[in-house]
Amino acid sequence: MSVFMSSLSTPPLLFFFLGAAAVAVRSDLQIPAQIAKFLSLYLLFAIGFKGGVALSESTIDASILLTLLATMVLSAVVPVYTFFLLRRRLPIADAAAIAATYGSVSAVTFVTATGYLDVQGIAWSGYLVAAMALMESPAILVGIVLYNHFATREGNTTVSVSWLQLLRESVSNGSVFLILGSMLIGWITGTEGMRQVEPLVKGLFLGLLCLFLLDMGIVAAQRLRDFQQSGERRLSGETFRVMLVAAVLLPLLNASLGLGIAYLLGLPQGNALLVVVLAASASYIAVPAAMRLALPEANPATYLTMSLAITFPLNLLLGIPAYHAAIRWLL
Amino acid sequence: MSVFMSSLSTPPLLFFFLGAAAVAVRSDLQIPAQIAKFLSLYLLFAIGFKGGVALSESTIDASILLTLLATMVLSAVVPVYTFFLLRRRLPIADAAAIAATYGSVSAVTFVTATGYLDVQGIAWSGYLVAAMALMESPAILVGIVLYNHFATREGNTTVSVSWLQLLRESVSNGSVFLILGSMLIGWITGTEGMRQVEPLVKGLFLGLLCLFLLDMGIVAAQRLRDFQQSGERRLSGETFRVMLVAAVLLPLLNASLGLGIAYLLGLPQGNALLVVVLAASASYIAVPAAMRLALPEANPATYLTMSLAITFPLNLLLGIPAYHAAIRWLL
Amino acid sequence: MSVFMSSLSTPPLLFFFLGAAAVAVRSDLQIPAQIAKFLSLYLLFAIGFKGGVALSESTIDASILLTLLATMVLSAVVPVYTFFLLRRRLPIADAAAIAATYGSVSAVTFVTATGYLDVQGIAWSGYLVAAMALMESPAILVGIVLYNHFATREGNTTVSVSWLQLLRESVSNGSVFLILGSMLIGWITGTEGMRQVEPLVKGLFLGLLCLFLLDMGIVAAQRLRDFQQSGERRLSGETFRVMLVAAVLLPLLNASLGLGIAYLLGLPQGNALLVVVLAASASYIAVPAAMRLALPEANPATYLTMSLAITFPLNLLLGIPAYHAAIRWLL
Amino acid sequence: MKTCKRIEIVIENSMVPRLTALMKQLGLDGYTLIPDVRGSGDRGMRRADELSGESSNCLVLIACDNQVMLDTFLEGVRPLLVRAGGICLVSDAQWLRH
Amino acid sequence: MKTCKRIEIVIENSMVPRLTALMKQLGLDGYTLIPDVRGSGDRGMRRADELSGESSNCLVLIACDNQVMLDTFLEGVRPLLVRAGGICLVSDAQWLRH
Amino acid sequence: MKTCKRIEIVIENSMVPRLTALMKQLGLDGYTLIPDVRGSGDRGMRRADELSGESSNCLVLIACDNQVMLDTFLEGVRPLLVRAGGICLVSDAQWLRH
Ligand SMILES: Nc1ncnc2c1ncn2[C@@H]1O[C@H](COP(=O)(O)O)[C@@H](O)[C@H]1O
Ligand SMILES: Nc1ncnc2c1ncn2[C@@H]1O[C@H](COP(=O)(O)O)[C@@H](O)[C@H]1O
Ligand SMILES: Nc1ncnc2c1ncn2[C@@H]1O[C@H](COP(=O)(O)O)[C@@H](O)[C@H]1O
Ligand code: NA
Ligand code: NA
Ligand code: NA
């Protein structure tokens, strides 16, 4: 319990609550859109650079490559069973989009977890940033493959996608590109590079994370309210229930898979937590953006609401400490 | 005199001058709107957090509560006499809006005063941040009560306000909410929380204050110029004179009341200065925004120009050191 | 060679590459416009303040004034021969605009050079920031004088400019005004002022420079691509060749003049490099903006593409280390 | 294509929630908002640069093919404009149905 | 002055590249984009505040005096709107030639 | 309601001060500005992402019910557009009086 409290009572999480509270009391508090965008770019830049520098200080061995491989496979497998769990209960396009969303990861959840570890003084390895970046895209491809396969079977209009273009789009996605790029630069410039940008990359990290989570709290709560208000008209109560249940159970299911992988790979505590968090988290930036382009038939009100307004807060507030407790108990 | 010079020759104030100078020489220098908005959010966040942490390190006793009460009463009394001083000389709606504006406070003036004290190494207590937050709203309610009462008497259209909604709007005002929220979080997380966000909250404080005041200088000077250019057509010379006199004398009058309170409460030098500054300052964010909604009949060209373009610079440049001198002479 | 590599493998330059790479792989990575604008304001503010403080710590003697004079003369001479080199090969308006562009300076190239020196631990003097500010404008006036003189001769429509207004516009240009103003404030508040804003002005400098150059990389690469795509339709292959050659050779020519001045003035290594960089760099902010107003006949696709997409990266990536090598070999 | 009315309203940002509330109430749930617009009018300049946002406008674009709904809406808009200023333009357009 | 058609399209930011590609292909290389526009429609609210930009719209303004080009363009626009939502209005205007 | 002309001008941000100066001089003191608009035209792309702001446009909306004033204004606008590029559209609208 204490760990829950201690993890909840850090500034970043409390600012997430504050954002949600602002919406609850109908406050007009808002972070300007371009600032929010910049804060998210900053977080990707900082975490990427940190990871790269950490990588430059360690040696890349087989176990690292094995972990990267395992996490990528995981992000390709998750969408498959997610899709089959949902395809009977939701429109096929939505099922595919949700599958992709939960196969991919949430950078901010990952970033918050690293902050959680730093504050608790638990070590974690930089290469897991690479794992995060690599887990962003595969799920998108899998989701679309699944849709095309079953949409045809059921006579829906299929998506005519050039695989090459899709692959390009997913690696050239702004977020993925910035993480990988910053990581590469951190890796090249190493400790000396870090010395130059440390005040920005490390000094301001938790402070700016607070402001970003404040915005996330506002956005998530607004989306939840819009959903309640406008949702009724459009979605059946049944759909509601499916979404709610899925948004709560999928992270747990995926987390336990992540836990299994961490166990088999014999990862140390810090890395284990990050792998579990990657597995449990769902994308609300890269994937939704890709889905709008590749699968506009899918309704963002379903997959985006699930990942942003339910799964994200859940992982942030209860997930991280819970997964941590489980790891300490298991490993 | 030296104190004046020394206080004027700090970077923040000089950047305010620079902004005004930019408008004077018709420079196209401008701070992007969303950046300006973000800088003001940052200042509220930082001062709130600082105040909360300070509060967590002290004990809340009767004298603190007494000060909070006294300042709130002050912010409710100021509008009353302000209104009666002006109602014969200005349209009743404008009189009410000005009353509310001067009863409330200017966060940036307060923030600058804390910076002034920090630089001079004079201590001040965190709970005064709470005082500032609590002084934002009461004046709004008083202003509208006054308007409604006398507007009916004189047969103007009155404002049909649901008090509940009004109260909600004023506490849920973005600025007020952010200060109180950050303060609460600072209070909960205390010294440990500060350790995490210190580089942002303390390190960058004066630097970002410079950039914000640069923008304030530009905005204030532009408003003054617009007022001169377009004002003539709309406002009588008489109105001009009333506005000018009021914008100069009201702060002095209110400051002396603040001084009296500080004296009666036997506040230490630093706290005394902040109470006086709160009394003397006028709102140009929370109140004007509220007035546009509750009292659109009032002309922003009067109350906003007074508080933003006259009273604000006056307090910033001459007021703070003058009040300080008075306090040292009196207490 | 090693110096090239070492200078290329600093975070700022690598982020410039990253930005260009993002465009190459058609990534949707973008820095919000207002953030980019703010980052450029920050750099001007920081470099100006630094320079002013440095100035306040040194004594202004004849040699300093001589250097300022020499650099200003240089920025007035460069446009003259540039114009005569180009007027037969390009439309006269374009020739004049390019002349002005290359006579003026690029603040970011200068800033990057100071960062390069700081990282290498080589000293440089604050008054060179003043040199930069003073070199921004003269070229604009010269460019327009040249255009008017020869346009009339060749019967083109001339520009009816009030010299006074033009002079005002150029000193009141936002960028110039902010550098000079920050410098003045840094000079007034000196070491004590720096103590207050150091974390912002010094701490974040290289980090934010990384993010700004990331954006510059994106913008430069996009402009190059737009130029290739839309250019063909509008510009002859001949024009292409002239632009390319000029954009590569002009910086070298101007750099050697700068080198000569540095030699004659017997400047120390650091200052010599900065003077050369000022000579070699071309403006892409102040001058293009002024040209659009004073000389809209000139096609920005020529002068802006040359300075932003060719000369700027060239100076940044190869120029700075090359000039430095030359200086060490010569002085 | 279907003929419809094209309504353009310029009003202070702070008044927009009341406008959208009005539309919601009338079942007019299709609209587009262009926030942080600057301008000048009877009430002077609005630079859209002030901290309170007091002086920035929002341009509201509404396509409506229901004349009755439209008229009741305009009746509700007028008092807002009278108190807070702004303009409202109505023109004809063709709506590409999909 | 020359009569022309004035086309207004509100569509998701992320769809704009496809729209401009279509225009380029048809040789319609004159257009104006107002990005980060908010709105509400059949697909609910779009607050233009989300990180993905998924929920912000772009208003595209096109002046066109070539009826044939226009019709082929509208044919190409319809499927985009059907899949991703948005609206398209066409009205008459006078174009000040220069 | 009152019939009026609806003028839409897309011009470079940096030219707007001259435009507003012209309007002020003619006593046309009602207008709305949508800054930082992107676009493409005869002079190529304008991405509204450049530091100089050189390449971003502003959309100016003017409602005017005085034909004479309007014509003199358009006469003053043409040379600006000729030198700096941009477009100007004029259409009919109904002005909701308040
Ligand atoms: N004639 C007009 N044409 C275009 N926009 C206008 C006009 N008059 C007023 N506006 C807009 O409406 C806002 C408020 O107008 P007003 O209440 O007249 O000050 C102004 O800031 C402009 O943005
Ligand atoms: N009737 C309308 N009037 C103006 N804008 C609309 C209208 N309907 C939809 N829109 C815009 O088009 C976007 C997508 O519409 P929809 O696909 O119907 O959700 C909305 O977010 C609005 O910005
Ligand atoms: N046909 C058009 N429709 C809409 N906007 C246009 C059109 N032509 C030009 N523009 C706008 O006017 C700006 C300048 O046009 P131009 O001078 O033709 O390059 C462009 O960047 C567009 O924003
Ligand atoms: Na996942
Ligand atoms: Na007060
Ligand atoms: Na130069």
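Just so it is clear, the values below take in all heavy atoms, side chains as well, and ignore hydrogens, waters and symmetry mates.
- Looking at A:D28, its side chain never comes within 3.5 Å of a backbone N or O of B:N173 through a donor-acceptor pair.
- Atom OG1 of B:T189 sits about 11.5 Å away from atom CG of A:L13, to the nearest 0.5 Å.
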Side chain to side chain contact (heavy atoms under 4.5 Å, CB included) between B:E192 and A:V119: does it pass, once the steps are laid out?
-> CA-CA 10 Å; B:E192 164 56 20; A:V119 169; 4.0 Å; yes

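- You'll find the side chain of A:I35 reaches within 4.5 Å of the side chain of B:I35, heavy atoms only.
- Of the atoms belonging to A:L214, it is side-chain heavy atoms, and not backbone ones, that fall under 4.5 Å from chain B.
- Heavy atoms only, all atoms of each residue included: A:P11 and B:G193 are closest at CG-CA, 3.9 Å.
- Counting heavy atoms of neighbouring residues, nucleotides and ligands inside a 6.0 Å radius, atom CH2 of A:W187 does not exceed 12 of them.
- B:Q34 contributes a side-chain N or O that, together with a main-chain N or O of A:Q34, makes up a donor-acceptor pair within less than 3.5 Å.
- Taking chain A as the reference chain and counting heavy-atom pairs below 4.5 Å, the highest number among B:L204, B:V197, B:I185 is found for B:I185.
- Residues B:L200 and A:G207 share a closest heavy-atom pair of CD2-C, 3.4 Å.
- Contacts of A:F38 with chain B are absent, with no heavy-atom separation under 4.5 Å from either backbone or side chain.
- Interatomic distance, CG of A:L206 versus CD of B:E198, reported as 12.5 Å (0.5 Å rounding).
- Minimum heavy-atom separation, B:S182 to A:L18: N-CD2, 4.1 Å.
- With a 4.5 Å cut-off on non-hydrogen atoms, A:P12 touches chain B through its side chain but not through its backbone.
- Ranked by heavy-atom pairs shorter than 4.5 Å toward chain B, the options A:A21, A:C210, A:P199 are led by A:A21.
- Scanning both residues, B:F177 and A:L29, for their nearest heavy atoms gives CD2-CD2, 4.0 Å.
- For the pair A:P32 and B:L41, the minimum side-chain heavy-atom distance is below 4.5 Å.
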